[in-house]
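The structure under discussion appears below in the form of structure tokens.
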Protein chains: 2
Amino acid sequence: MRVHQQVTLSLEGAFKAADLPPLVWHDVLIELAHAPDHRLRPVELGSVLQMAQYNLSRLLDRMVDAGLVVRAPCQDKRGHWIVLTASGLKRQKEMYGVYVRVLMQDMGAHLGEDSARKLARQLGKVLSQPEA
Amino acid sequence: MRVHQQVTLSLEGAFKAADLPPLVWHDVLIELAHAPDHRLRPVELGSVLQMAQYNLSRLLDRMVDAGLVVRAPCQDKRGHWIVLTASGLKRQKEMYGVYVRVLMQDMGAHLGEDSARKLARQLGKVLSQPEA
DNA sequence: CACCTGTTGATGCACCCGCATCAACCTTGT
DNA sequence: ACAAGGTTGATGCGGGTGCATCAACAGGTG
């Protein structure tokens with residue numbers, strides 16, 4: 001928990017310093033960037049990110065306002081597609097750069113290549129929903 | 001991060017189900033329980049818990065309202081002592097029980113004794129502020 | 001078709017967090 | 001003693017989170 005807090009604070013600080021949105025925005029953006037046609041349903045995002053539905057709904061509102069994603073109609077008329085825009089993809093790459101840099105500094109500097117791999121494997125054993 | 005979220009959600013859920021306050025309350029309570037005379041200055045709590053000052057201030061307000069701690073005057077008249085009450089200590093023990101039970105279920109079930117120890121050691125290497 | 005159930009997503013409300021700021025007090029130097 | 005600077009803690013305000021609830025739609029059954 002302490003490690004998580006430390007890394008999280010460092011990441012959020014770096015994003016803020018670079019005038020970028022918070023970490024959750026990156027989680028959403030990267031999922032969309034990896035999705036076919038750069039689009040996903042809110043419910044899919046929610047299940048992947050393990051994120052509360054009402055919370056995601058309002059986060060997407062903000063991201064639409066910021067022009068990073070758009071809502072588009074889809075077959076199931078209850079919902080819609082969340083589609084990554086060009087500036088959304090650009091923002092995702094900016095954030096990913098900061099993300100990698102911070103993790104390298106904060107974790108990579110303290111762990112060797114194989115230590116990191118072992119750590120990831122140990123942590124993976126605890127996940128109820130196996131990693132992608 | 002996924003492990004942290006999973007465990008955190010599980011813990012908060014267990015606390016809520018047992019009609020207990022959130023996890024941060026336990027962090028404060030256990031620090032007080034281990035402190036000499038069951039009392040600490042807010043600034044000490046803040047530095048141990050790596051918690052923002054304004055945030056801690058209001059958390060303590062709520063804990064005072066709940067009767068788990070009291071504010072008592074101290075030499076340095078800028079601040080005061082935060083003193084654990086009897087019902088605060090009782091609550092801490094209740095929360096600790098749930099805490100241990102959940103961690104055993106969520107992590108202990110997936111890791112052997114030595115795996116857990118290795119994991120803790122690897123994680124410890126990343127901490128900028130070495131553990132107590 | 002009409003109906004019932006389950007799913008998807010949005011929203012009002014209360015609460016919590018982050019930021020900036022302030023008041024009160026300690027400490028140090030002169 | 002006094003002024004200047006640092007430390008400790010509280011608070012107004014905007015924004016984010018959790019809970020409960022609701023509207024809209026899908027899918028299956030009589």
Side-chain angles (χ1 to χ4, degrees), chain A residues 4-5 8-28 31-32 39-66 68-83, chain B residues 1 4-6 8-28 31-32 39-66 68-83:
Chain A
H4 177 267
Q5 187 185 22
T8 293
L9 285 176
S10 187
L11 270 175
E12 298 288 11
F15 285 138
K16 208 162 297 180
D19 223 0
L20 290 170
L23 181 56
V24 269
W25 288 48
H26 181 258
D27 294 339
V28 171
E31 290 300 332
L32 288 172
R39 64 182 193 176
L40 286 172
R41 297 282 302 275
V43 64
E44 299 173 294
L45 274 170
S47 80
V48 173
L49 301 180
Q50 287 290 110
M51 198 168 170
Q53 178 272 320
Y54 44 82
N55 201 347
L56 179 59
S57 175
R58 286 185 279 220
L59 172 56
L60 292 176
D61 284 346
R62 287 170 243 145
M63 294 181 74
V64 168
D65 288 349
L68 304 184
V69 303
V70 294
R71 294 191 218 253
C74 78
Q75 302 78 351
D76 188 331
K77 283 174 186 169
R78 285 171 300 186
H80 42 252
W81 292 106
I82 298 296
V83 189
Chain B
M1 282 173 171
H4 176 266
Q5 188 185 21
Q6 179 176 306
T8 293
L9 285 176
S10 187
L11 270 174
E12 299 288 11
F15 285 138
K16 209 162 296 180
D19 222 1
L20 289 170
L23 181 56
V24 269
W25 289 48
H26 180 259
D27 294 338
V28 171
E31 290 300 331
L32 288 172
R39 64 182 193 176
L40 286 172
R41 297 281 304 274
V43 65
E44 299 173 296
L45 275 169
S47 79
V48 173
L49 301 180
Q50 286 290 110
M51 198 168 171
Q53 179 271 319
Y54 45 82
N55 200 346
L56 179 58
S57 175
R58 285 186 276 221
L59 171 56
L60 291 175
D61 284 347
R62 287 169 244 146
M63 295 181 72
V64 168
D65 287 349
L68 304 184
V69 302
V70 293
R71 294 190 219 255
C74 78
Q75 302 79 352
D76 187 334
K77 283 174 186 168
R78 284 171 302 188
H80 41 251
W81 292 106
I82 298 296
V83 188

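Not measured: the values here are computed from a predicted model. Sequence lines set the chain letters: A, B, ... in the order given, protein chains first and strands last, and positions in each chain run from 1.
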Between CG of Leu60(A) and P of dT8(C) the distance, given in whole Å, is 15 Å
One should read off an interatomic distance between Leu68(A) CG and Leu32(A) CG, to the nearest 0.5 angstrom, of 10.0 Å
Look at the side-chain N and O atoms of His80(A) and state whether any lies under 4.0 Å from the OP1 or OP2 oxygen of dA10(C).
yes
Rounded to whole Å, CG of Asp61(B) lies from C1' of dA10(D) at a distance of 8 Å
- Item | Flag, side chain of Glu12(B) to backbone of Leu23(B), donor-acceptor distance under 3.5 Å | yes
Taken to the nearest whole Å, CD/Glu12(A) to P/dC17(C) is 15 Å
Leu45(B) atom CG is separated from dT8(D) atom C1', nearest whole Å, by 13 Å
Whole-Å distance, Gln50(B) CD to dG18(C) C1', equals 16 Å
#### Entry: Evaluation steps, side chain to side chain contact (heavy atoms under 4.5 Å, CB included), between Leu49(A) and Val24(A)
CA-CA 9 Å; Leu49(A) 301 180; Val24(A) 269; over 6 Å; no
| said: Are more than 12 heavy atoms, taken from residues, nucleotides or ligands other than Asp19(B), located less than 6.0 Å from that residue's CG atom? | reply: no
Each nucleotide of nucleotides 24-29 of chain C classed B (base within 4.0 Å of a protein heavy atom), S (only sugar-phosphate) or -, in 5' to 3' order, makes BBS---
The reported gap from CG in Leu56(B) to CD1 in Ile82(B) (rounded to nearest 0.5 angstrom) is 7.5 Å
To the nearest 0.5 Å, atom CD of Gln50(A) lies from atom CE of Met1(B) at 15.5 Å
Taken to the nearest whole Å, CG/Leu40(A) to C1'/dG9(C) is 16 Å
Closest of dT11(C), dG9(C), dT8(D) to the Arg41(B) side chain is dT8(D)
When rounded to the nearest 0.5 Å, the distance separating CZ of Arg71(A) from CH2 of Trp81(A) is 15.0 Å
Contact string for nucleotides 13-23 of chain D, one letter per nucleotide 5' to 3', B = base within protein heavy-atom range under 4.0 Å, S = sugar-phosphate only, - = neither, reads B--SSBBB---
- request: Quick one: do Asp27(B) and Glu31(B) satisfy side chain to side chain contact (heavy atoms under 4.5 Å, CB included)? Show the steps, please.
  value: CA-CA 6 Å; Asp27(B) 294 338; Glu31(B) 290 300 331; 5.7 Å; no
When rounded to whole Å, the CG to C1' distance for the pair Leu56(B) and dC17(C) reads 13 Å
Taken to the nearest 0.5 Å, the spacing of Met51(B) CE from Leu45(B) CG works out to 9.0 Å
